[in-house]
Amino acid sequence: MQARIYRLYTNLNKLYGAQKWWPAKSPFEVMVGAILTQNTAWSNVEKAITAMRKQSVLSPAKILALKHDELAALIRPSGYFNQKAKRLQIYSDWFLSQGGLRGLSKIETTRLRTALLGLHGIGPETADDILLYALDRPVFVIDAYTRRLFSRCNLIRGDEPYEELRLLVERSLKNQTQAMNEFHALIVLHAKEHCQKNPVCNGCPLTRSCQFYKNSRKGE
DNA sequence: ACCCAGGGTCATA
DNA sequence: TATGACCATGGG
């Protein structure tokens, strides 16, 4: 099973090449993006990030200095703006209290993950986005695309707990941070650029018609 | 007009 | 522990 997951990774890598995620200019911007993209199309998140950059508020101190309503108005295009404004301020406050990137770099990964999950508004996927793409820790991100793709490739049932899938993939990738970084990026790319746009593929990995899907199934 | 997107929290049983 | 309601915009 782990070998098949690893092969899925190498197949995607051959198909698309290195992605060099996350699309952001700084680790803190990755963190902001991770919160804003919760159940939201990335195109909408970009509008919010752009608005924040235009106002020069892409830093924890600036985010905390804003009133709730001001921040909510800025990030309006990303949806759930009231929730997310609150989450961004709670996160920024915590980030500063930990001594910023310096401080976080001194905390062991498992402890850090637990701390992140303790924050209001930070669930497993958001925490793992932050750990992997902002802090370069060997943690894999499980999202809806991953579940669907793995399920359609008969690698999993689909209803496994988040934690079980995360550990499975991490083992499959031999705990290599760079591979985890690329694999998740490739899965998202495949879903967006191939499955959602390619008329031949017609919604893969939600259908059986995709060439890629056939190559990744049991029995080849 | 309808569907859903790179989730998470909270109330209820 | 397991569902369901709720949050909200913008693009297809």
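Every chain is numbered from 1, with letters handed out A, B, ... down the list of sequences. Because the structure is predicted, anything quoted here is derived from the model rather than measured.
The Asn44(A) side chain lies nearest to dT9(C) when the options are dT9(B), dT9(C), dA8(C). Checked against dG11(C), dG8(B), dA8(C), the side chain of Pro124(A) finds its nearest nucleotide in dG8(B). The side chain of Arg148(A) approaches dA5(B) more closely than any other nucleotide in the set dC10(B), dA5(B), dT9(C). Checking dA5(B), dT9(C), dG8(B) against the side-chain heavy atoms of Pro77(A) singles out dT9(C) as nearest. Comparing dT9(C), dA8(C), dG8(B) by their nearest atom to the side chain of Arg76(A) picks out dT9(C).
The side-chain heavy atoms of His190(A) and Ile187(A), taken from C-beta on, include no pair separated by under 4.5 Å.
Taking side-chain N and O atoms only, Asn82(A) has a distance below 4.0 Å to OP1 or OP2 of dA8(C).
Here the closest non-hydrogen pair linking Ser151(A) and Arg157(A) is OG-O, 3.3 Å. Taking all atoms of both residues into account, the shortest heavy-atom contact from Val45(A) to Leu36(A) is CG2-O, 3.6 Å.
As rounded to whole Å, 17 Å separates atom P of dT9(C) from atom CD of Gln38(A). In this entry the distance linking CD of Glu46(A) with P of dT9(C) reads 19 Å, nearest Å. Whole-Å rounding puts the Trp42(A) CH2 to dG11(C) P distance at 16 Å. Following rounding to the nearest Å, Gln83(A) (CD) and dA8(C) (P) show an atom-to-atom distance of 5 Å. The distance from atom CD1 of Ile187(A) to atom P of dA5(B) is 16 Å, rounded to the nearest whole Å. Computed from coordinates, the Arg147(A) CZ to dA5(B) P distance equals 14 Å when rounded to whole Å. Here the C1' atom of nucleotide dG8(B) and the OH atom of Tyr162(A) are 13 Å apart, to the nearest Å. Atom CD of Glu125(A) and atom P of dA5(B) are 12 Å apart (whole Å).
Among Asn181(A), Thr146(A), Asp128(A), the single residue meeting the side chain to side chain contact (heavy atoms under 4.5 Å, CB included) criterion with Phe140(A) is Thr146(A).
Contacts of Ile122(A) with the nucleic acid, taken as non-hydrogen atoms under 4.0 Å apart, involve only primed sugar atoms and P, OP1 or OP2. Within 4.0 Å (heavy atoms only), Thr126(A) reaches sugar-phosphate atoms of the nucleic acid but no base atom. Among the heavy atoms of the strands lying under 4.0 Å from Tyr80(A) is at least one base atom, whether or not backbone atoms are also near.
Mapping Leu119(A) and Asp143(A) onto DNA chain B by nearest heavy atom places Asp143(A) closer to the 5' end of the strand. Between Lys47(A) and Thr40(A), it is Thr40(A) whose nearest contact on DNA chain C lies nearer the 5' terminus.
Comparing dG10(C) with dG8(B), their P atoms sit 22 Å apart, to the nearest whole Å.
Under the Watson-Crick or G-U wobble criterion, with both distances below 3.5 Å, dC7(C) is paired with dG7(B).
Inspection of the Lys84(A) and Thr40(A) side chains reveals an N or O donor paired with an N or O acceptor under 3.5 Å.
At a threshold of 4.0 Å, the pair Glu29(A)-Arg53(A) counts as salt-bridged, since one of the basic side-chain nitrogens sits closer than that to a carboxylate oxygen.
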